[in-house]
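Below is one structure, written out as C-alpha cells; comments come after it.
Nothing here was measured: the structure is a model prediction, and the numbers come from that model.
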Amino acid sequence: MKYFWTLFWTFLLVEMLTYVVSSMIGSTFDFVTGAILAAGATILILVLSAIIPEESAGKQGLH
C-alpha cells in the first residue's frame with residue numbers, strides 16, 4: 001500500500017510542478033513529461049527509502 005500512495009502523491013505533486021513551471025516559462029503543458037518525471041521520482045524515492053537505515057540513533061556515542 002505504501003508503494004501506491006507514494007506513486008499517487010508523487011504523481012500529483014510532479015504534475016502540479018510541471019504545470020506551474022511550464023506556465024511560468026510560457027511553454028505548453030505536457031502531461032506525458034510530468035508522468036515520466038513522476039515515475040522516475042517515485043523510483044528514486046523508493047530506492048532511497050530502501051537504502052536509508054530505519055534504526056533510530058538513540059543515545060549511542062554520548063559520554
Discussion item. Once rounded to the nearest 0.5 Å, what's the spacing between atom CD1 of I36 and atom CZ of F31?
Written reply: 10.5 Å

Discussion item. Does the plane of the ring in F8 sit parallel, tilted or perpendicular to the ring in F4? Use 30° and 60° as the thresholds.
Written reply: parallel

Item to complete: Nearest 0.5 Å please: distance from the CG atom of L12 over to the CG atom of L17.
Response: 12.5 Å

Worksheet item: So how far is it from L13 CG to L37 CG, rounded to the nearest 0.5 Å?
Response: 13.0 Å

Worksheet item: When rounded to the nearest 0.5 angstrom, what distance separates CE in M1 from OG1 in T6?
Response: 10.5 Å

Discussion item. Ignoring hydrogens, what is the shortest heavy-atom contact between T28 and S22? Give both atom names and the distance.
Written reply: O-CB, 3.9 Å

Worksheet entry | Common cluster, Y3/F11, ILVMFWY with side-chain heavy-atom separation under 4.5 Å | no

Discussion item. The test is side-chain contact (heavy atoms from CB on, under 4.5 Å); show your working for F29 and T18 and say whether it passes.
Written reply: CA-CA 7 Å; F29 172 67; T18 305; 4.1 Å; yes

Worksheet, complete the sentence: Output for pair (L46 CG, I43 CD1), nearest 0.5 Å, gives 8.0 Å

Worksheet, complete the sentence: In terms of heavy-atom contacts, T10 and A38 come closest through CG2-O, 3.7 Å

